[in-house]
Amino acid sequence: RATQYTCMLLSYLIERKADKEKLAMKLKQLESSMSSGRKMFRLGNMVHALVAARRTTQLPDVVPRFCLTASNLTRALYFVCDAVLWLKSVGLQPDVDKPKWRNWATKCYYFSLLMNLARDWYEISWRLEQAVQEEKTKEKSFWDKHNQDLNCVKCDGLHGFLFLVFQILKRHPPLLLDLVKNLCDLSGPLDTLGIYKTNPGVIGFCGILSSLVGILTLASPHLKLKQ
């Protein structure tokens, strides 16, 4: 995935240079090959998404339970559409309406990301409320350095609100990484669905950043946001 988006970004950066046309074309071909290969590797992910959806239905908190279950179910539908597109690309189902299935796949992926972001916002708002409660109940003489920082900037405006969010994300790296990854992944479907048009350079950069976050959470599981 990181290789695919790197090729997308590099081809976008050099395609306007007259002496780099062949290299840009090779990068686009490699990107296409990586995309097809990833579709094949994802053929079993529908089962994984359904198992994850079944597991998240057991979560005690209603908001994460709804958001994560909806996310996993729509992700499973996305993998179904992705498998159909793969069958089309290898010639096993030549009659498949590719634009229609691609549109369905993008919409499922988009909704899944929105549910993940809703869960991230719930986590942030819950910790915001917790921080405010700590500020109200703890005596000044017993506040730690973090609570002193919180006390310096009150939640009475956008600046204070953003400061609190920054402090919360700083203290909870898994939440920060999950938020960054979901926001970066959103660039692709927003462009494909015409909600917010960008360019392959932006999508490639966001894809690389998202992939690096994914690699980091695989290498260090404690940085992955727990369900």
Straight-line distance of [X] [atom1] to [Y] [atom2], nearest 0.5 Å:
X	Y	atom1	atom2	answer
Cys7	Leu9	SG	CG	10.0 Å
Met8	Leu27	CE	CG	11.5 Å
Lys170	Phe163	NZ	CZ	8.5 Å
Thr6	Glu31	OG1	CD	10.5 Å
Trp101	Lys88	CH2	NZ	13.0 Å
Lys98	Leu85	NZ	CG	7.0 Å

Same cluster (ILVMFWY, side-chain, under 4.5 Å), [X] and [Y]:
X	Y	result
Leu186	Leu177	yes
Met34	Phe79	no
Leu175	Leu113	yes
Phe166	Ile124	no
Leu73	Tyr110	yes

Using a cut-off of 6.0 Å, state whether more than 12 heavy atoms not belonging to [X] lie near its atom [atom1].
X	atom1	result
Lys224	NZ	no
Phe66	CZ	no
Lys22	NZ	no

* Would you check, one step at a time, whether the test side chain to side chain contact (heavy atoms under 4.5 Å, CB included) holds for Tyr78 with Ser112? => CA-CA 9 Å; Tyr78 160 72; Ser112 176; over 6 Å; no

Between [X] (side chain) and [Y] (backbone), is there a donor-acceptor pair under 3.5 Å?
X	Y	result
Ser220	Thr217	no
Thr106	Arg102	yes
Asp191	Lys197	no
Arg65	Leu59	yes
Ser187	Leu183	no

* To do: Walk me through it: do Ser35 and Lys39 pass the test side chain to side chain contact (heavy atoms under 4.5 Å, CB included)?
  => CA-CA 6 Å; Ser35 177; Lys39 281 181 170 58; 3.6 Å; yes

* How would you list, by chain and number, every residue that makes a salt bridge (Lys or Arg N to Asp or Glu O under 4.0 Å) with Arg38, sequence neighbours excluded? -> none

* Begin with the C-alpha distance, continue with both residues' side-chain angles, and end with the deciding distance and a verdict on side chain to side chain contact (heavy atoms under 4.5 Å, CB included) for Ser210 and Arg1. => CA-CA 9 Å; Ser210 171; Arg1 186 173 190 268; 3.2 Å; yes

* Candidates Asn116, Thr56, Asn182 - the one meeting side-chain hydrogen bond (donor to acceptor under 3.5 Å, both in side chains) with Ser71 ->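 The passing option is Asn116.
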
* **Distance-only polar pair, side chains of Asp82 and Tyr109, donor-acceptor under 3.5 Å** => no

* Electrostatic pair Asp185-Lys181, nearest N-O below 4.0 angstrom -> yes

Donor-acceptor pairs under 3.5 angstrom involving side-chain atoms of residues 199-209: please list them, not counting sequence neighbours.
| from | atom 1 | to | atom 2 | distance (Å) |
| --- | --- | --- | --- | --- |
| Asn199 | OD1 | Gly201 | N | 2.9 |
| Asn199 | OD1 | Val202 | N | 2.9 |

* Using a 4.5 Å cut-off on heavy atoms from C-beta on, say whether the side chain of Arg127 contacts that of His172. => yes

* **Non-hydrogen side-chain atoms of Ser211 and Tyr5 separated by less than 4.5 Å** => yes

* To do: Step by step, work out the side chain to side chain contact (heavy atoms under 4.5 Å, CB included) result for Val63 and Arg119.
  => CA-CA 7 Å; Val63 176; Arg119 187 272 180 109; over 6 Å; no

